[in-house]
Amino acid sequence: MESETLGRLIDQHAAALELFARQWVDQPEDVVQEAFVRLAGLPIQPSNPRAWLFRTVRNGAINAGVKQRRRRRYETEVATPVSAWFEIKSLGQKEAAVDAESAQAALAALSPDQREIIVAHIWGGLTFDEIAQMAGHSASTAHRIYQAGLTCLRERLGVPCRTNSSRTIPK
Amino acid sequence: MSNEFVPHDSEMNELETALGALVPANSQIDRDRVMFLAGEASFRRLVVQRRWWMAIAASLGVVALGEAGVLAFRPPVRIVEKVVVRENPVAPTPVQVVAPRTETPPPARVDFALSLDRTAYERLAGQVLRYGLDGLPTSPVPRASDVDSMPAHVSRLQLLHDELRNALQDGDAL
């Protein structure tokens, strides 16, 4: 892979990939970096590098999350500061319609399936077909989960929600 | 962001747009380090491929050197002449199948004609029985000196013996 192509992919997708991987692991930088290195070392480049990156980061983050939880079981729990998922707008910048901290809290309260699909679709830019291939669902199922997640987000951000999820974030 | 499905209601679209306006936190990865590691991984892959081809070429070279050594140090071909005696293949002896002996009673009457060929005497006797005295071969005329010099019973025996011997030697047709 050409270095220019790799640099462009890093600039375009690194932040979204870290946000995506943050659902499973606290330190997503290593997972994302490893995914880019693996992409550069492939003998044949994938037809859709963005979808390949999201799928690789997903698998790597799930594995890293399992190791992280196993390690925490034997270590003293240390209160680590939770890093922000979104950019906090500074004074002078245009204020977003949704508060970043509220959005982060609302997203964190979603089920893993809903959060994964919402992040991949809104911030990762993946289509529902690509999400379906990545997560092992059908495209219609991915869309249904996405709608249910949006409904829950709307409730948590101030609008009533029709569905309720019992699953929580893996920590 | 492409959405191939029918969009939801307006509130959902507004929420989607509002969420999309949020910018993910800046990436914490070191871009230069990723580029360096990517280049290193690519170079490592090239080195592995190159070593693979070098290993193949080296093994083929070793094989070629071995073949050349075998050809160079091969002993000269000696032509050895020797007489080879070939024996005719012996026909396999037929295996005699011995039939199990069964206790059969002896025949009550033996066909006399079947026993004609057993001995010369029997053959002659059979000839006489079948054709009478005309079936006997002509007896040679004894010389007078021979007849006179031997007793009567000896001369008759001698004549009969000679007659029988001639009959056997000539193989007269029956």
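Both backbone and side-chain heavy atoms feed into the values below; hydrogens, waters and symmetry mates do not. All of these numbers come straight from a predicted model, not from anything done at the bench. Just so it is clear: chains get the letters A, B, ... in the order the sequence lines come, proteins before strands, and each one is counted from 1.
- I62(A) and M134(A) fall within a single hydrophobic cluster, where Ile, Leu, Val, Met, Phe, Trp and Tyr are joined by side-chain heavy atoms under 4.5 Å apart, directly or via other members.
- With chain B as the partner, the residue from P43(A), A16(A), A103(A) showing the most heavy-atom pairs under 4.5 Å is P43(A).
- With respect to W123(A), the ring pair (Phe, Tyr, Trp, His ring centres under 6.0 Å) criterion is satisfied by exactly one of F20(A), W85(A), F86(A), F54(A): F86(A).
- Across A139(A) and D129(A), no two heavy atoms sit closer than the pair CB-OD1, 3.3 Å.
- Under 3.5 Å, the side chains of Q158(B) and D162(B) contain a donor-acceptor pair of N or O atoms.
- Residue R33(B) touches chain A through its side chain alone, counting heavy-atom pairs closer than 4.5 Å.
- With a 4.5 Å cut-off on non-hydrogen atoms, L19(B) touches chain A through its backbone and its side chain both.
- To the nearest 0.5 Å, atoms CH2 (W52(A)) and CD (Q45(A)) are separated by 8.5 Å.
- Within the 4.5 angstrom heavy-atom criterion, only backbone atoms of L42(A) (N, CA, C, O) approach chain B.
- By number of non-hydrogen pairs under 4.5 angstrom with chain B, the leading residue of G7(A), G124(A), A40(A) is G7(A).
- Using a 4.5 Å cut-off between heavy atoms, P28(A) does not touch chain B at all.
- Ring pair F128(A)/H121(A) is parallel by interplanar angle, where below 30° counts as parallel and above 60° as perpendicular.
- Counting heavy-atom pairs closer than 4.5 Å to chain A, the top residue among G39(B), A38(B), P24(B), S42(B) is P24(B).
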